[in-house]
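Notes follow once the structure below has been shown.
These numbers were taken from a predicted model, which means no experiment stands behind them. All residue numbers in this chain count up from 1 along the given sequence.
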Amino acid sequence: MARKRNPWKISRRLGKFRRERQAILITVLAVTIFAGWSWLKAHPEHDPTAPLDLRHPIGWATASKLVDLKGNVSECRAVLDRSDVAFIALGATGEGACARPDRTQLSAFPLAPDTPAITCPVATGLQLWRTKSVEPAAREIFGSEIASIQHLGAYNCRRMRGGRSNAWSEHATANAIDIAGFTLANGRTISVLNDWPTDSPEARFLREVRDGACGVFATVLSPDYNAAHADHFHFDQASRWSGVCR
């Protein structure tokens, strides 16, 4: 004769099994959360709540943190201070569409022939671009440091493409800068105009630093964009979420 199963005992065993399984799941979840939290603390570049420091590697949260700086001059300059980047905060100037409430001048950046006043978001982009893209590429490809970065200007109170009714250029508030070339510490020069069309180490370098700029600027335009940019890279920090990289 078959033994009858005790429904109460079966129910009790099932309840115990469910509680044990639930305890295991809670433990696994707690360990996972703690491990994730610990990993984020060790990698603040991926942590959206960690203060931005330009000395950290570029991570998942870097782009959104850079976007958050647009329109917040005091916080942006706090980032430069935190990142040990020397700069001068200049007084506001201009009016209308060409008003410049944010005039930030990098004190120790190797721009040539001079160091123009730009917006703080452009300054943060330049600092990240130089340290995370330009300098590593120069060391890898040429075995040299960067001596200077040539520019064609930052501020120009004008509309886009020179029209009278076109949208105002980001240059109208110095929220942009045009980069024309580089000089290495070993004396070698690299020109966007002369070297971009070639099949050379210089061309490889230019493409690497162009691509590197796309992660830190809202707009990056190169000779691939149009003939007007044949001799320079255009970088700006327009107020947009999605970037333009061409």
Please check if the side chain of [X] supplies one atom and the backbone of [Y] the other of a donor-acceptor pair under 3.5 Å.
X      : Y      : value
Gln150 : Ala180 : no
Asn156 : Ala172 : no
Arg82  : Leu52  : yes
Gln105 : Thr115 : yes
Lys65  : Asp47  : yes
Asn166 : Arg159 : no
Lys132 : His56  : yes
Arg100 : Ala117 : yes

With Arg130 as the cation and Phe109 as the aromatic partner, state whether NZ or CZ is under 6.0 Å from the six-membered ring centre and within 45° of the axis.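 Yes.
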Closest non-hydrogen atom pair, [X] against [Y]:
X      : Y      : result
Pro121 : Lys70  : CG-CA, 4.1 Å
His229 : Leu221 : NE2-CD1, 3.7 Å
Ala137 : Val209 : CB-CG1, 4.1 Å
Asp195 : Thr189 : OD2-O, 4.1 Å
Phe142 : Arg188 : CD2-NH1, 3.4 Å
Asp102 : Cys120 : OD2-N, 2.7 Å

Thr219 and Asp236: side-chain donor and acceptor closer than 3.5 Å?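 Judged by distance alone, the side chains do pair up.
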Any donor-acceptor N or O pair under 3.5 Å, side chains Arg103, Thr93: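 Absent: no donor and acceptor within the cut-off.
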Mind running side-chain hydrogen bond (donor to acceptor under 3.5 Å, both in side chains) on Asp81 and Ser83 for me, showing each step along the way? CA-CA 5 Å; Asp81 276 330; Ser83 307; over 6 Å; no
If hydrophobic clusters are built from ILVMFWY residues whose side chains come within less than 4.5 Å, do [X] and [Y] share one?
X      : Y      : answer
Leu54  : Ile58  : yes
Val85  : Ile146 : yes
Val67  : Leu128 : no
Val192 : Leu152 : no

When you compare the side chain of Phe87 with that of Ile118, does any pair of heavy atoms fall below 4.5 Å?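 The answer is no; the side chains never approach within 4.5 Å.
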Can you find a heavy atom in the side chain of Leu80 that is under 4.5 Å from one in the side chain of Thr104?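 Touching, per the 4.5 Å side-chain cut-off.
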Nearest 0.5 Å, what's the [atom1]-[atom2] distance between [X] and [Y]?
X      : Y      : atom1 : atom2 : result
Thr131 : Arg55  : OG1   : CZ    : 11.0 Å
Ile177 : Glu170 : CD1   : CD    : 14.0 Å
Leu184 : Ile190 : CG    : CD1   : 4.5 Å
Ile179 : His232 : CD1   : NE2   : 9.5 Å
Leu111 : Leu126 : CG    : CG    : 6.0 Å
Cys214 : Phe235 : SG    : CZ    : 8.0 Å

Residue pairs fulfilling ring-ring contact (aromatic ring centres under 6.0 Å, His included) with at least one residue in residues 155-180, sequence neighbours excluded: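 Checked against ring-ring contact (aromatic ring centres under 6.0 Å, His included) - neighbours excluded - the pairs reaching residues 155-180 are His171-His234.
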Sequence neighbours excluded, which residues qualify as salt bridge (charged side-chain N to carboxylate O under 4.0 Å, His left out) partners of Asp231?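 Not a single residue meets the salt bridge (charged side-chain N to carboxylate O under 4.0 Å, His left out) criterion with Asp231.
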Set of ring pair (Phe, Tyr, Trp, His ring centres under 6.0 Å) partners for His151, sequence neighbours left out: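 In terms of ring pair (Phe, Tyr, Trp, His ring centres under 6.0 Å), with neighbours along the sequence ignored, His151 is linked to no residue.
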When you check the gap from the basic side-chain N to the acidic O, do Glu140 and Arg204 get nearer than 4.0 Å?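 Salt bridge: yes.
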All side-chain hydrogen bond (donor to acceptor under 3.5 Å, both in side chains) counterparts of Thr173, not counting sequence neighbours: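 Partners of Thr173 under the side-chain hydrogen bond (donor to acceptor under 3.5 Å, both in side chains) test: none.
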Thr62 and His46: side-chain contact (heavy atoms from CB on, under 4.5 Å), yes or no, with the steps? CA-CA 7 Å; Thr62 304; His46 301 311; over 6 Å; no
Taking atom CG as the centre, does Asp114 end up with more than 12 heavy-atom neighbours from other residues, nucleotides or ligands that are less than 6.0 angstrom away?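 Yes - once you tally the heavy atoms of other residues, nucleotides and ligands closer than 6.0 Å, there are more than 12.
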Does anything in residues 84-93 pair up under salt bridge (Lys or Arg N to Asp or Glu O under 4.0 Å), and if so which pairs, sequence neighbours excluded?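 Pairs touching residues 84-93 that pass the test: none.
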Could you check Leu69 against Glu75 for side-chain contact (heavy atoms from CB on, under 4.5 Å), going step by step and ending with a plain yes or no? CA-CA 7 Å; Leu69 297 181; Glu75 176 58 26; 3.8 Å; yes
Can you name the residues that form a side-chain contact (heavy atoms from CB on, under 4.5 Å) with Ser222, not counting sequence neighbours?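 Expected list: Trp196, Arg210, Asp224, Phe233.
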Starting from the C-alpha separation in whole Å, work towards a yes-or-no answer on side-chain contact (heavy atoms from CB on, under 4.5 Å) for Thr124 and Trp129. CA-CA 9 Å; Thr124 59; Trp129 177 62; over 6 Å; no
Can you label the angle between the Phe182 ring and the Phe205 ring as parallel, tilted or perpendicular, going by 30° and 60°?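 Phe182 vs Phe205 ring planes: perpendicular.
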